[in-house]
2 protein chains.
Amino acid sequence: MAKKNTLKYVILGLLRQHDLTGYDIKKLFSCEIGDFWNSKHSQIYPELKKLEEEHLITSRMEISGKKLEKTYYMIKSAGIDALDKWLSDPLDEIQPTRDDFTLKLYFIDHRHDQRIKNLFSEEILRHQKKFDYLSARMGELFSSRENQEQNFGHYLILKKAILRENTQLKWLKDEYRSLKNN
Amino acid sequence: MAKKNTLKYVILGLLRQHDLTGYDIKKLFSCEIGDFWNSKHSQIYPELKKLEEEHLITSRMEISGKKLEKTYYMIKSAGIDALDKWLSDPLDEIQPTRDDFTLKLYFIDHRHDQRIKNLFSEEILRHQKKFDYLSARMGELFSSRENQEQNFGHYLILKKAILRENTQLKWLKDEYRSLKNN
DNA sequence: ACGAGCATGTAAGAGGTTACATGATTAT
DNA sequence: ATAATCATGTAACCTCTTACATGCTCGT
């Protein structure tokens, strides 16, 4: 997973839409963007400084209240170029999921091992929660046809994520049911 | 992704099935296990030594041919205990996919951007290849009911992976078609 | 006044990739 | 013979998480 600096392009992509502070970027990762990317603030702030040194973005200071300094970052044309270049690069190899449900399940050999049922019930809860969240966001963001056209990529990936969760939940529930009928 | 040392448990899980060399483990990551885990040999060999120092595994030497030394690792009972404990631990939070197709798509706003079509056609090829591979493995490994029962977890995760690829491919092809009808 | 959240940063160390390195075996 | 693959290892470097650290603002 190391060595690609994808965070760089995630930041550039977000900054192309709006000027943002590091804190704003962090918050975006806890909403539906969190479905496909996440980074801690301790990684975001240094990366922003690095991008500024590379002249891909600039910053401006704003004072909020009496003295709280907020640093807004803005993309520069070199940043847009770098982003566009990345978007046109061929895709990498598909990465392994590294999902711990799958991993653990793989190492349980016997159908009647109780731990399989435990894994499934935990996994169903996790994915139900995610499915509900994503569905709600779809309603909030893209109930109008206009919004779908305006942020078409975002609309597509949200649709894809919901389909994924839906399919997986259905499968999990089916298998869980047949596990109970031993 | 840092900080969980999942590789440790992957290795323990594999060694519980058979004694293996580091090279064997690496090879397993390029077959269907690669769908959910991968590590380079430069990470595997040191990890094996670390696990041996922790007394979770031991090793034995074998000579292949005239002088090629192969180090087979074997799991110890402390290793089995560690593995079992991990299997019973609650699952982590769902991790973001960090998949670059999704990421790139998110940053393309306009329906008519040519790059969307490029992304989809690349992605379709990637997943078609994966789907074909996984389906073939399913046929090889689990055509008999007996094998399904013997490695039940493996059977389930392979089934899950195939369902995932199938659903995704269908979605990709549908969207691709409607993109072409602008 | 106080607590929740806003806002930004650094340091240490674990996890992971790339590149460098070497030598043996097997199939053609 | 020679190329592909078997087999093992280290060093440098990047990515990412965890933990430590600090101060401000807004709502109640």
Side-chain angles (χ1 to χ4, degrees), chain A residues 1-11 19-31 34 36-54 57 59-73 92-100 103, chain B residues 1-11 19-31 34 36-54 57 59-73 86 92-98 100 103:
Chain A
M1 177 126 330
K3 212 49 163 317
K4 271 300 316 295
N5 207 357
T6 309
L7 175 58
K8 169 177 176 173
Y9 299 103
V10 174
I11 289 177
D19 296 352
L20 296 166
T21 67
Y23 195 83
D24 292 334
I25 292 172
K26 177 60 208 152
K27 272 189 304 180
L28 287 171
F29 291 154
S30 39
C31 71
F36 55 93
W37 191 266
N38 194 19
S39 293
K40 313 284 173 171
H41 77 273
S42 55
Q43 200 185 355
I44 295 167
Y45 290 114
E47 186 63 33
L48 283 166
K49 288 191 169 173
K50 213 177 108 200
L51 292 177
E52 191 167 22
E53 274 168 36
E54 292 173 26
I57 63 178
S59 59
R60 106 185 95 89
M61 207 77 127
E62 278 186 25
I63 300 290
S64 170
K66 300 242 153 133
K67 44 180 161 171
L68 183 59
E69 295 182 345
K70 299 169 68 167
T71 310
Y72 279 89
Y73 287 92
D92 300 327
E93 288 299 292
I94 295 180
Q95 298 299 305
T97 62
R98 292 187 169 209
D99 158 62
D100 62 347
L103 215 44
Chain B
M1 178 123 329
K3 211 52 164 313
K4 270 298 318 298
N5 208 355
T6 308
L7 175 58
K8 170 178 176 172
Y9 299 104
V10 174
I11 290 176
D19 297 352
L20 296 167
T21 67
Y23 195 83
D24 291 334
I25 292 172
K26 178 58 208 155
K27 271 190 304 181
L28 287 171
F29 292 154
S30 39
C31 73
F36 56 93
W37 192 266
N38 194 17
S39 292
K40 313 283 174 171
H41 77 272
S42 56
Q43 201 183 355
I44 295 167
Y45 290 113
E47 186 63 33
L48 284 166
K49 289 193 170 172
K50 214 177 110 200
L51 292 177
E52 191 168 23
E53 275 169 35
E54 292 173 27
I57 64 178
S59 60
R60 107 183 96 88
M61 208 77 129
E62 278 187 25
I63 300 290
S64 171
K66 300 241 155 136
K67 43 179 163 171
L68 183 58
E69 296 182 346
K70 298 170 67 167
T71 309
Y72 279 90
Y73 288 92
W86 173 72
D92 300 327
E93 289 298 294
I94 296 180
Q95 298 298 306
T97 60
R98 292 185 170 212
D100 62 346
L103 214 45

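Proteins come first, then strands; the chains are lettered A, B, ... in the order of their sequence lines, and each starts at number 1. Because the structure is a prediction, the values reported are computed rather than measured.
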Which nucleotide wins on minimum distance to the side chain of [X], given the candidates [options]?
| X | options | value |
| --- | --- | --- |
| B:Tyr23 | D:dT18, C:dT10, D:dT5 | D:dT5 |
| B:Trp37 | C:dT18, C:dG23, C:dG16 | C:dG16 |
| A:Arg98 | D:dA7, C:dG16, D:dC16 | C:dG16 |
| B:Lys70 | D:dT8, C:dA7, D:dG9 | D:dT8 |
| B:Ser42 | C:dT17, D:dG9, C:dT8 | C:dT17 |
| A:Asn5 | D:dG23, D:dT15, D:dG9 | D:dT15 |

Show every donor-acceptor pair shorter than 3.5 Å between a side-chain atom in residues 43-53 of chain B and any protein atom, with sequence neighbours excluded, or say none if there are none.
residue, atom, partner, partner atom, Å
B:Tyr45, OH, B:Tyr23, N, 3.4
B:Glu47, OE2, B:Asn5, ND2, 3.4
B:Glu52, OE2, B:Ser59, N, 3.3
B:Glu52, OE2, B:Ser59, OG, 2.7

Whole angstrom value for the distance that separates [atom2] of [N] from [atom1] of [X]:
| X | N | atom1 | atom2 | result |
| --- | --- | --- | --- | --- |
| A:Ile25 | C:dT8 | CD1 | C1' | 13 Å |
| B:Ile63 | D:dT8 | CD1 | P | 11 Å |
| A:Glu62 | D:dC24 | CD | P | 19 Å |
| A:Gln43 | D:dT17 | CD | P | 6 Å |
| B:Lys40 | C:dT17 | NZ | P | 6 Å |
| A:Ile44 | D:dT18 | CD1 | P | 14 Å |

Degree of bending in the helix from C:dA1-D:dT28 to C:dT28-D:dA1 once both end axes are built from five pairs, to 10°: 30°

Residue mapping more 5' on DNA chain D - nearest nucleotide basis, A:Thr6 or B:Lys49: B:Lys49

Partners meeting salt bridge (charged side-chain N to carboxylate O under 4.0 Å, His left out) with A:Lys70 (sequence neighbours left out): none

Keeping A:Glu69 on the side-chain end and A:Lys67 on the backbone end, is there a donor-acceptor pair under 3.5 Å? no

